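Only a predicted model underlies this, so the values are computations on that prediction, with no experimental measurement involved. Chain A is the first sequence line, chain B the second, and so forth, proteins listed ahead of strands; every chain is numbered from 1. Computation of the quantities below employed the complete heavy-atom set of this structure, encompassing side-chain atoms and omitting hydrogens, waters and symmetry-equivalent molecules.
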Number of protein chains: 2
Amino acid sequence: MAVESKSDDAPSQPGLTRQALVQAALRVLEREGVNGLSMRKVAAELGVKAASLYWHVRNKEELLDLLTDELMADAEAPPREGGWREQLREYCVRYRRHLLGKRDAAKVVAGRLVPGPHLLRLMEDQLGRLREAGFSDADAAMVNYALGAFVQGFVLQEQGPLSASEAMGAGRREVATAAGEQLRRLPQETFPHLVALADALTGPSMEDRFSFALERLLDGLSTLLEQGSDVRKEGTPDE
Amino acid sequence: MAVESKSDDAPSQPGLTRQALVQAALRVLEREGVNGLSMRKVAAELGVKAASLYWHVRNKEELLDLLTDELMADAEAPPREGGWREQLREYCVRYRRHLLGKRDAAKVVAGRLVPGPHLLRLMEDQLGRLREAGFSDADAAMVNYALGAFVQGFVLQEQGPLSASEAMGAGRREVATAAGEQLRRLPQETFPHLVALADALTGPSMEDRFSFALERLLDGLSTLLEQGSDVRKEGTPDE
DNA sequence: CACTCTCCCTAACAGTGTTAGTCGATCCGT
DNA sequence: ACGGATCGACTAACACTGTTAGGGAGAGTG
């Protein structure tokens, strides 16, 4: 269950566990967003003063590391049905949906590459499927990393701060149409393509953009697999 | 030169221009990193107090927006030689190198999707090449977004905080080998693939990972282009 | 001269991460 | 049962942060 990295076990009831601390942080994150996530508020959530947290956690950074893994706690691997491509697609789609479901999750997770136990569980599962699909060991590892970085990067844009327009009362849709308007207004002589493609650039939803990029990436993986199974052997034909 | 979005021109010598402000921010960013980038320090860089900045800029967010575009000021498009694939690859490679060259650039840029003039210039150029290569308008727009998100997301991982280990004296290489050690120590029964692929997972450099993912993505684009030139003969399919 | 407008200032507010030092409670060995 | 250690919380403080309110020097214009 809980991973005790040190040799200290819980003697009595410390009142505050690292686990409780992380879950309090999770609640604050959900309620106030990543900018409102402060040590003092996490402490208050536990009925405790800020300085007490530093007994259980070295830094805010360390708390964020723990929080990062906790965000992956209820992520689920897709069912093992269909070919490798369907499974990988479902993996990415679910990962994206999962991150989108938690407030500011992408901003917390972004760039925090040391994997905690929950992420390790998912990696283990995905690596297994990649190997079964016929990817070489080196390729499987690469693909695993690439997919993770891809989804995280994508969701980060999606969940991002909307720039300064966020302060104004504009929602996402309004920003998109306003951006389209702005593009269309550009001087045609110097920006012919931007003007011509204004709709194509600002029209598609984030969902569309994600699907598009994902399918292209999966296409790339499938050509890799075909080349690989040429060289490799006869290989198991994919289902 | 300077783009005045409002109709206010500089009457006398304001001493502080938005431009000067942004470049001061750029210097502070380079010197102190994104965590050390504060309004007070930017002001001090200009020999001025913090409150004065709010005359020229609404928010720190707005300053970061301007800074984001300024970070793209000296980015260069690749030469127009070779096929579309070489050019796109070179685009991504240069973009990555450019971001890596500026301190914490990825963290500043991350999720700030409203493009400034410098980025627009690059987009215009890339869209032109995509259309010349034979991509449909819709596809060109999608590819443009996908490549940007891909590179940004990737560099963000790369430039990221290294997690809590950063506080310790460990460099990137040490972290990688330590992570490999940690993976190899996992219980084989529950994490067989992670143990088996420990080297494959932690060995490759960021450069390798980037190249790998990039080539897969380009493969995917090339299959799209092949299919597209088949189907695309006659009219526009939808909308 | 008076008036407005530009632009920077001081002062302050509320909040941040983090450290030092303290102090009660609980456990342990004697 | 007592002395001491250790756990686990506390108060106080430091050095910051973004941001606003209001003041006031200086220039341009009537």
Output one line per pair: protein atom, nucleotide atom from nucleotides 15-18 of chain D, and distance, for all N/O pairs under 3.5 Å.
residue : atom : partner : partner atom : Å
D:dT17  : OP1  : B:S38   : OG           : 2.8
D:dG18  : OP1  : B:M39   : N            : 3.3
D:dG18  : OP1  : B:K60   : NZ           : 2.8
D:dG18  : OP2  : B:M39   : N            : 2.8
D:dG18  : N7   : B:R40   : NH1          : 2.6
D:dG18  : O6   : B:R40   : NH2          : 3.1

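Taking the six-membered ring wherever Trp is involved, the centroid distance between the rings of A:Y145 and B:F210 does not fall below 6.0 Å.
For the salt bridge (Lys or Arg N to Asp or Glu O under 4.0 Å) condition, the pairs that include at least one residue of residues 189-203 of chain B, sequence neighbours left out, are B:R184-B:D199.
Put simply, the side chain of A:M206 does not reach to within 4.5 Å of the side chain of A:Q159, judged on heavy atoms. For the pair B:H98 and B:D74, the minimum side-chain heavy-atom distance is below 4.5 Å.
Judged as a side-chain contact (heavy atoms from CB on, under 4.5 Å), and not counting sequence neighbours, the contacts of A:A73 are A:E70, A:H118. A:Y95 meets the ring pair (Phe, Tyr, Trp, His ring centres under 6.0 Å) test with no other residue; sequence neighbours excluded. For A:E124, there are no salt bridge (Lys or Arg N to Asp or Glu O under 4.0 Å) partners, not counting sequence neighbours.
Listed for the A:R89 side chain is no donor-acceptor partner under 3.5 Å among the backbone atoms of A:E215.
Phosphate proximity of C:dC8 to B:W55: absent, as no side-chain N or O sits under 4.0 Å from OP1 or OP2. Proximity of A:H56 to the phosphate of D:dA9: a side-chain N or O atom is located under 4.0 Å from OP1 or OP2. Contact annotation: B:K49 side-chain N/O to C:dT10 OP1/OP2 distance is under 4.0 Å.
Following rounding to the nearest Å, A:L53 (CG) and D:dC10 (C1') show an atom-to-atom distance of 12 Å. The distance between atom CG of A:L64 and atom C1' of C:dT16, rounded to the nearest whole Å, is 14 Å.
Only at 4.0 angstrom or more do the heavy atoms of residues 24-33 of chain A sit from any atom of DNA chain C, so none qualifies.
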